[in-house]
Engineer: 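Pasting a structure here, questions to come.
Because only heavy atoms are used, hydrogens play no part in the values below, and waters and symmetry mates are left out as well, while side chains stay in. No experiment lies behind these values; they were computed from the predicted model shown.
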Amino acid sequence: GGAVRPARQHERLQAGHQRGQSSRSALKEVLRGPAGAAQSQRWSTMKVLFTELVEVTRTNSVQKLLVSLAEAKALGAGQWPEFFKAQERLQLLQSLEKELKSAVDFVSIAAIEELLKRCEALGVKYVPDTFARTKTADETKAEVEAEFGPVISSVERRLDQLRSLRAE
């Protein structure tokens, strides 16, 4: 015995299947277009970009959104609907972050509670019950707490201070 060497590609093809080979070649040319491999590489790049834009619209990371939007714009995807959705998400998170930073000086308990509820609804405030059902709960928690955790903690401390003042 011994191991049998697998047949090489040119050894596997039977002579007489020329028609099938030429049909496949013609189909590949049509699919590739005039640019050939470069066109197929461009398509795979755009496919990855599309997927990234769709994913990033669900993120809570301002940094990830900024990077993805800059990349998309550089690759010519600035007019895609997914680009606009990611841009809207970025603007929403940035305005929320600004509002959270100013909430540290709020004197209204109701206003702070309303803001924290909005944070929960947008997935920016980590709530164990909300994320427990997802497979990526730990990753989501880390992402949420990395960018919004410190400012939300400050706002929650302010809320606790106001409540204790009211109780006195």
Engineer: Using the rule that Ile, Leu, Val, Met, Phe, Trp and Tyr join whenever any side-chain heavy atoms are under 4.5 Å apart, tell me whether F84 and W80 fall into a single cluster.
Structural biologist: yes
Engineer: Any chain of hydrophobic side-chain contacts (each under 4.5 Å) joining L66 to F148?
Structural biologist: yes
Engineer: With hydrophobic residues grouped by side-chain heavy-atom distances under 4.5 Å, do V62 and V54 end up in a single group?
Structural biologist: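 Yes; V54 is reachable from V62 via cluster members.
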Engineer: Evaluate I152 against V124 for side-chain contact (heavy atoms from CB on, under 4.5 Å), listing each step before the verdict.
Structural biologist: CA-CA 9 Å; I152 287 178; V124 173; 4.2 Å; yes
Engineer: Got a sec: does the CD of Q63 have more than 12 other heavy atoms crowding it under 6.0 Å?
Structural biologist: no
Engineer: Salt bridge check, R118 against E99: does any charged N sit closer than 4.0 Å to a carboxylate O?
Structural biologist: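 Yes, this pair counts.
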Engineer: From the options Q87, K85, E88, E52, select the one residue that forms a side-chain contact (heavy atoms from CB on, under 4.5 Å) with T57.
Structural biologist: K85
Engineer: Using 0.5 Å steps for rounding, measure from the CG atom of L96 to the NZ atom of K101.
Structural biologist: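 Interatomic distance, L96 CG to K101 NZ, rounded to 0.5 Å: 11.5 Å.
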Engineer: Which one of R163, E114, R158 satisfies the side-chain contact (heavy atoms from CB on, under 4.5 Å) criterion with I109?
Structural biologist: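 Answer to the side-chain contact (heavy atoms from CB on, under 4.5 Å) test with I109 among R163, E114, R158: R163.
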Engineer: What distance do L100 atom CG and I112 atom CD1 have between them, rounded to the nearest 0.5 Å?
Structural biologist: 10.5 Å
Engineer: If you take all heavy atoms of A86 and V56, which pair is closest and at what distance?
Structural biologist: CB-CG1, 3.9 Å
Engineer: Out of curiosity, does V67 fall in the hydrophobic cluster containing L53 (side-chain heavy atoms, cut-off under 4.5 Å, transitive links)?
Structural biologist: no
Engineer: Spell out, as yes or no, whether a donor-acceptor pair under 3.5 Å connects the side chain of S164 to the backbone of Q161.
Structural biologist: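 A pair under 3.5 Å: yes.
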Engineer: In Å, rounded to the nearest 0.5 Å, how long is the span from CG of L49 to OG1 of T45?
Structural biologist: 8.5 Å
Engineer: Is there a side-chain contact (heavy atoms from CB on, under 4.5 Å) between N60 and E147 once you walk through the steps?
Structural biologist: CA-CA 8 Å; N60 296 315; E147 291 199 38; over 6 Å; no
Engineer: Using a 6.0 Å cut-off, check whether atom CD of Q79 has over 12 heavy atoms from anything other than its own residue.
Structural biologist: no
Engineer: After noting the C-alpha distance and the side-chain angles of L93 and R89, does the key distance pass the side-chain contact (heavy atoms from CB on, under 4.5 Å) rule?
Structural biologist: CA-CA 6 Å; L93 291 178; R89 180 70 178 175; 4.0 Å; yes
Engineer: Looking at every non-hydrogen atom in both residues, tell me the closest pair between A77 and F83 and how far apart they are.
Structural biologist: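 The pair with the smallest heavy-atom distance is O-CB, 3.3 Å.
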Engineer: Between CZ of R157 and CG of L162, what distance do you get to the nearest 0.5 Å?
Structural biologist: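 If I round to the nearest 0.5 Å, the distance is 13.0 Å.
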Engineer: What is the distance from atom CZ of F106 to atom CG of L115, rounded to the nearest 0.5 Å?
Structural biologist: 6.0 Å
Engineer: Side chains of K73 and L69: does their closest heavy-atom pair fall under 4.5 Å?
Structural biologist: no
Engineer: Counting only N and O atoms by type, is there a donor-acceptor contact under 3.5 Å from the side chain of T59 to the main-chain atoms of E55?
Structural biologist: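 No, the answer is negative, given that no donor and acceptor are paired below the 3.5 Å cut-off.
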Engineer: Nearest 0.5 Å, what's the CD-SG distance between E97 and C119?
Structural biologist: 10.5 Å
